[in-house]
Amino acid sequence: METGKPEVLVIGAAIIDVLVRPADETVFQTGSYPAEDIRMSAGADALNEATVLARLGKKVGLVTVIGKDQAGDYLLSHCRREGILLEDDCVREGMATGINVVLVGKDGGRSFLTNARGSLRRLSLSDIRLPFPESVKILCFASIFVFPQIGADELLRIFAQAKKQNKIVCADMTKRKKGETLDEMAEAFSYIDYLLPNDEEAMLLTGKDTAFEAARAILEAGVKNVVIKCGRDGALVMNQKEAYMVPAKERVSCVDTTGAGDSFAAGFIFALSNGRTLRECAEYGNECGARAVAVTGATDWL
């Protein structure tokens with residue numbers, strides 16, 4: 001890790017997002033489309049979360065891999081500018097840095113064009129140095145099911161090591177990619193203190209019809225606290241002692257949902273690192289997510 005002692009360590013992908021807003025199928029009919037806004041920014045779950053945390057004032061480390069190319073140089077410059085600490089060997093020869101084209105609809109919804117051979121999904125267990133730095137208080141894995149080479153067994157090793165070192169373990173999630181089941185994930189999940197999926201991701205993994213039922217199933221698998229992002233409905237918080245909804249912010253103008261869940265996770269972790277209550281963490285997560293959807297791009301709201 002570069003010079004510095006991170007308090008929060010985020011593990012996951014770092015890529016470039018090229019955002020186009022608004023975008024729809026009209027371009028395929030006309031051959032050209034006058035979008036209101038086209039911009040390039042740093043992206044992916046882990047880098048988004050690290051960026052928000054750094055801008056909120058936390059000392060953050062990021063474990064990722066990027067290519068030795070112009071896109072990689074852009075991300076290195078971004079991390080230096082934001083004060084995000086990287087491993088010295090995160091740049092890889094022969095690897096293309098991931099670039100996503102994010103097509104943002106008029107309602108703020110997104111469609112993605114991704115480079116399947118890029119760095120987005122290339123992280124492996126060998127890229128993660130164990131044990132973790134002693135300065136780290138919170139470890140966040142962003143996100144479960146992103147990386148083909150990091151399945152249940154690899155997550156178990158990562159999370160078990162973190163708990164052995166008395167770290168708080170947080171994890172974000174995406175949709176499962178290979179039909180993974182909750183039973184398969186249970187041993188790794190038993191080491192997670194805070195799991196932060198959205199409602200669709202949680203229901204897909206558990207096979208349940210509601211976010212409440214999905215949260216209960218995830219708790220039974222061993223996660224200590226489940227915080228499910230439910231969009232306009234807010235966040236569902238559940239543990240073995242309590243369950244409640246934290247309402248979303250009112251009168252929010254949704255421009256672009258890119259990175260909204262990442263901003264929620266970063267806000268939640270920021271509040272957690274400052275000793276706030278579980279409800280207060282979810283409330284601040286909602287606030288950060290609401291601010292994120294009001295602008296184009298994942299992290300340009302602060």
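Just so it is clear, the model here is predicted, and its values are computed rather than measured.
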### Query
What is the distance from atom OG of S190 to atom NZ of K224, rounded to the nearest 0.5 Å?
6.0 Å
### Query
So, are R276 and E280 salt-bridged, with charged N and O less than 4.0 Å apart?
yes
### Task
Assess whether atom CZ of F112 is packed by more than 12 heavy atoms of other residues, nucleotides or ligands within 6.0 Å.
yes
### Task
Would you kindly say whether T299 and N48 are connected by a side-chain donor-acceptor distance under 3.5 Å?
no
### Query
Does a side chain donor of either R291 or S263 reach within less than 3.5 Å of an acceptor in the other side chain?
no
#### Entry: Distance-minimising heavy-atom pair for S135 and K5
OG-C, 3.4 Å
#### Entry: L123 side chain reached by Q149 side chain, heavy atoms, under 4.5 Å
no
#### Entry: Side chains of R176 and L204 in contact at under 4.5 Å (non-hydrogen atoms)
yes
### Task
Check the pair R81, I84 against side-chain contact (heavy atoms from CB on, under 4.5 Å), reporting the backbone distance first and the verdict last.
CA-CA 8 Å; R81 185 170 60 251; I84 298 169; over 6 Å; no
### Query
In terms of hydrophobic clustering (I, L, V, M, F, W, Y; side-chain heavy atoms under 4.5 Å; direct or indirect links), are I144 and L120 co-clustered?
no
### Message
Strictly below 4.0 Å, N to O, side chains only: are K68 and E93 in salt-bridge contact?
### Response
yes
### Message
Would you say that M40 contacts Y74 through its side chain, given a criterion of any heavy-atom pair below 4.5 Å between the two side chains?
### Response
yes
### Query
Without hydrogens or angle criteria, can the side chains of Q165 and Q161 be said to hold a donor-acceptor pair below 3.5 Å?
yes
### Task
Would you please say whether a donor-acceptor pair under 3.5 Å links the side chains of Q70 and D73?
no
### Task
Go through the steps to decide whether L75 and I16 satisfy the test side-chain contact (heavy atoms from CB on, under 4.5 Å), and finish with yes or no.
CA-CA 7 Å; L75 294 179; I16 288 177; 3.9 Å; yes
### Shortest non-hydrogen contact between I269 and C140, atoms and distance
CD1-SG, 3.6 Å
### Query
Taking side chain as C-beta onward, heavy atoms only, is N198 less than 4.5 Å from I228?
no
### Message
Is any side-chain heavy atom of C281 closer than 4.5 Å to one of V237?
### Response
no
### Min side-chain heavy-atom separation V227-L195 under 4.5 Å
no
#### Entry: Nearest atoms (heavy-atom pairs only) where A292 meets G259
CB-O, 4.5 Å
### Message
If we ignore hydrogens and angles and just use 3.5 Å, is the side chain of E187 paired with the main-chain N or O of E184 as donor and acceptor?
### Response
no
### Message
With clusters defined by side-chain heavy atoms of hydrophobic residues (ILVMFWY) lying less than 4.5 Å apart, directly or transitively, does M238 cluster with V223?
### Response
yes
#### Entry: Heavy-atom pair of closest approach, residues G72 and I66
O-CD1, 3.7 Å
#### Entry: ILVMFWY cluster, L86 and V52 together (side-chain gap under 4.5 Å)
yes
### Query
Is there a side-chain contact between Y194 and D172, using heavy atoms and a 4.5 Å cut-off?
no
### Query
Salt-bridged, D262 to K229, with N to O below 4.0 Å?
no
### Message
Pairing donors with acceptors under 3.5 angstrom, does anything connect the side chains of K241 and N225?
### Response
no
#### Entry: pair M173-L205: side-chain heavy atoms closer than 4.5 Å
yes
### Message
Does either side chain, that of K137 or that of S273, offer a donor lying less than 3.5 Å from an acceptor on the other one?
### Response
no
#### Entry: Electrostatic pair D127-R122, nearest N-O below 4.0 angstrom
no
### Query
Which pair of heavy atoms, one from G267 and one from C288, lies closest together, and at what distance?
CA-SG, 3.7 Å
### Task
Indicate whether the side chain of H78 and that of T51 have a donor and an acceptor atom separated by less than 3.5 Å.
yes
### Message
Is it the case that the side chains of D183 and T181 hold a donor-acceptor pair, with the cut-off being a distance below 3.5 Å and no angle test?
### Response
no
### Query
If every non-hydrogen atom of L302 is compared with every non-hydrogen atom of R55, which pair is closest and at what distance?
O-NH1, 3.2 Å
### Task
Consider only side-chain N and O atoms of S143 and D45, and report whether a donor and an acceptor are under 3.5 Å apart.
yes
### Query
When you look at NZ of K175, are more than 12 heavy atoms from neighbouring residues, nucleotides or ligands closer to it than 6.0 Å?
no
### Query
When you look at CD of E200, are more than 12 heavy atoms from neighbouring residues, nucleotides or ligands closer to it than 6.0 Å?
no
### Message
Can you see whether S32 engages T30 through a side-chain donor-acceptor pair at a distance of less than 3.5 angstrom?
### Response
no
### Task
On the 0 to 90° scale, with breaks at 30° and 60°, tag the Y284-F270 ring pair as parallel, tilted or perpendicular.
tilted
### Hydrophobic cluster identity match, V20 and V255, side-chain contacts under 4.5 Å
no
